[in-house]
Amino acid sequence: GQETVSSKLKESLVPASFNLSEYFKQFLFPQNECELHDFRLSFSQLKWDNWILAPHRYNPRYCKGDCPRAVGHRYGSPVHTMVQNIIYEKLDSSVPRPSCVPAKYSPLSVLAVEPDGSIAYKEYEDMIATKCTCR
Amino acid sequence: SQASKGEARGAASAELETEAEPRSLLQPLDERNRSGLLPCPFKVLSDERGGAHRLQPDSRALRYMKRLYKAYATKEGIPKSSRSHLYNTVRLFTPCAQHKQTPGNQVTGILPSVDLLFNLDSVTTLEHLLKSVLLYTFNDSVSFPSAVKCVCNLVIMEPKASSKTLPRAPYSFTFNSKFEFRKKHKWIEIDVTTLLQPLVASNKRSIHMSVNFTCEKDQLQHPSAQDRWFNMSPLVPPSLLLYLNDTSIQAYHGWYSLHYTRRASQSPDQKTSLAAHPMGEETAECGRASRHRR
């Protein structure tokens with residue numbers, strides 16, 4: 001009788017038409033949710049390369065995507081964000097939905113040539129987005 | 001056709017506007033105000049014209065600053081958190097004029113003195129001097145088998161006194177610096193902070209100085225080394241390095257306030273150190289608060 005028992009067990013655990021990827025899809029975040037995106041550029045594209053010597057590559061990154069209705073702690077959003085969402089949905093759609101914007105930045109070190117030919121090493125604040133939020 | 005001409009002109013100036021924007025973006029506010037008299041597009045043209053005559057940096061200076069950049073920042077340009085310095089700006093100036101003055105004297109070991117003029121126009125009023133050095137860089141061919149001990153005599157010259165102002169006695173500043181001329185040393189730094197601090201703080205735009213060295217002869221073991229040393233020094237005009245703390249809003253201060261909070265919680269006299277750092281109040285406050293909490 002062992003064979004019958006084990007086959008019965010198998011049947012009950014995994015239904016025949018089970019699809020694992022379909023099952024996990026329900027846990028994925030929505031595809032276009034608010035998140036950080038890369039944008040690598042060189043200073044020559046900005047026509048700044050005649051005075052910026054370094055770095056050669058610069059990735060300021062940016063935030064893009066939809067703000068979910070229940071932003072909660074994941075985006076560090078204040079309660080105001082949910083209130084604004086409710087106003088947009090229930091009271092007045094001319095009030096914009098919360099936007100996906102940078103919440104934190106990191107600095108950038110730049111080596112530049114001044115018009116008088118002197119060379120400057122400078123550290124600038126808030127040049128690279130490192131975290132997004134819904135506001 | 002008038003309207004279309006107007007539109008074309010509008011579009012052109014708008015285009016120039018966007019091109020002009022970047023440089024002034026990174027200039028501290030007061031800098032932009034100072035040169036903000038001209039609307040942006042004309043400022044760019046003047047810069048471009050300036051660009052056409054833009055002074056190319058000295059190759060040795062460029063090599064030194066690229067090495068400094070690699071020491072302080074990653075390839076992506078992120079400042080390395082390992083460094084402990086307080087400055088967020090380092091400026092390197094090469095002399096815009098250099099005249100050889102008194103010839104040297106090989107017998108007494110006095111090297112020919114040089115008269116140097118540095119133009120500090122690019123230092124903004126929001127940049128506070130923390131340290132300054134004269135930088136002598138050597139190309140690879142120079143190598144000395146022994147250490148040479150020299151005394152550097154540096155005199156800051158007052159600008160040509162006009163009839164009205166009385167000529168002030170030039171500062172004289174002598175100090176003893178031991179130089180190790182070996183293959184591995186590509187440069188030597190002579191600290192001139194105490195001499196330059198008052199001048200940079202008073203927004204002096206150009207600094208005129210005369211520099212000469214007296215080296216102890218017995219240190220030069222081989223006559224050939226003597227010749228090489230004597231023939232080399234006037235060829236290598238020094239650069240002037242300023243280590244500054246830029247207090248403008250665009251500049252990065254993150255580590256400075258962190259460093260200050262640590263120091264404030266250690267140092268008893270809060271008052272003096274508060275003056276040193278305008279934002280010290282709240283950082284000192286939170287330093288105290290966290291201490292009380294602890």
Side-chain angles (χ1 to χ4, degrees), chain A residues 35-65 75-76 78 99-133 135, chain B residues 18-19 21-23 25-26 28 35 46-48 50-51 53-58 61-62 64-66 68-80 87-94 96 118-123 127 239-244 246 248-256:
Chain A
E35 61 184 353
L36 209 51
H37 295 264
D38 285 326
F39 189 90
R40 288 183 176 76
L41 56 85
S42 66
F43 284 114
S44 53
Q45 290 169 281
L46 298 175
K47 298 192 180 65
W48 296 8
D49 56 324
N50 62 335
W51 56 286
I52 290 193
L53 302 169
H56 299 303
R57 296 184 304 277
Y58 170 41
N59 177 7
R61 310 178 88 179
Y62 65 96
C63 294
K64 180 183 173 187
Y75 285 103
S99 312
C100 173
V101 293
K104 276 190 183 162
Y105 298 90
S106 73
L108 181 76
S109 295
V110 169
L111 191 62
V113 179
E114 297 283 6
D116 63 2
S118 64
I119 308 170
Y121 164 85
K122 290 201 73 86
E123 292 172 352
Y124 288 107
E125 192 77 277
D126 303 341
M127 289 287 278
I128 300 173
T130 54
K131 188 170 180 282
C132 297
T133 183
R135 286 282 192 268
Chain B
T18 47
E19 280 200 354
E21 206 43 40
R23 183 169 193 91
L25 262 186
L26 296 177
S35 57
S46 63
D47 265 6
E48 278 323 302
H53 309 302
R54 175 191 290 268
L55 302 174
Q56 287 309 313
D58 172 79
L62 211 46
Y64 181 86
M65 288 301 275
K66 284 183 176 173
L68 179 137
Y69 185 86
K70 282 185 190 143
Y72 289 166
T74 63
K75 268 198 182 131
E76 285 64 40
I78 311 285
K80 291 181 182 173
Y87 36 83
N88 53 19
T89 300
V90 182
R91 289 185 181 279
L92 186 144
F93 298 92
T94 40
C96 44
F118 291 100
N119 166 19
L120 304 189
D121 260 343
S122 53
V123 180
E127 291 174 350
S239 302
L240 180 64
L241 260 180
L242 302 184
Y243 295 85
L244 304 144
D246 183 346
S248 67
I249 48 174
Q250 293 93 337
Y252 175 49
H253 303 288
W255 38 268
Y256 192 75

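Worth saying up front: this structure is predicted, and the values here are computed from it rather than measured. The sequence lines fix the lettering, A, B, ..., with proteins before strands; numbering per chain opens at 1.
Annotation: the span from A/Ser118 atom OG to B/Asn119 atom CG amounts to 8.0 Å, rounded to 0.5 Å. With rounding to the nearest 0.5 Å, the separation of CE in A/Met127 from CD1 in B/Ile78 is 10.5 Å.
Between chain B and the residues A/Ile128, A/Asp126, A/Leu111, the most heavy-atom pairs under 4.5 angstrom are made by A/Leu111. Ranked by heavy-atom pairs shorter than 4.5 Å toward chain A, the options B/Lys66, B/Met65, B/Lys75 are led by B/Met65.
Of all the heavy atoms in B/Tyr252 and A/Tyr124, the pair that sits closest is CB-C, 3.9 Å. Considering every non-hydrogen atom in both A/Asp116 and B/Ser122, the closest pair reads OD2-OG, 3.5 Å. Taking both residues in full, the closest heavy atoms of B/Tyr69 and A/Ser109 are given as OH-O, 2.7 Å, listed atom of the first, atom of the second, then distance.
Both the backbone and the side chain of B/Leu62 come within contact range of chain A, each with at least one heavy atom under 4.5 Å from a heavy atom of that chain. Proximity to chain A (any heavy atom under 4.5 Å) is restricted, for B/Leu68, to the side chain, taken from C-beta onward. For A/Leu108, the parts lying under 4.5 angstrom from a heavy atom of chain B are both the backbone and the side chain. If you measure heavy-atom distances from B/Lys70 to chain A, you find no contacts under 4.5 Å at all.
Contact annotation: the side chain of A/Asn59 never approaches that of B/Glu76 to less than 4.5 Å [non-hydrogen atoms, C-beta and beyond]. With a 4.5 Å cut-off on side-chain heavy atoms, A/Lys122 and B/Arg91 count as touching.
The environment of NE2 in A/His37 is crowded: more than 12 heavy-atom neighbours from other residues, nucleotides or ligands sit within 6.0 Å.
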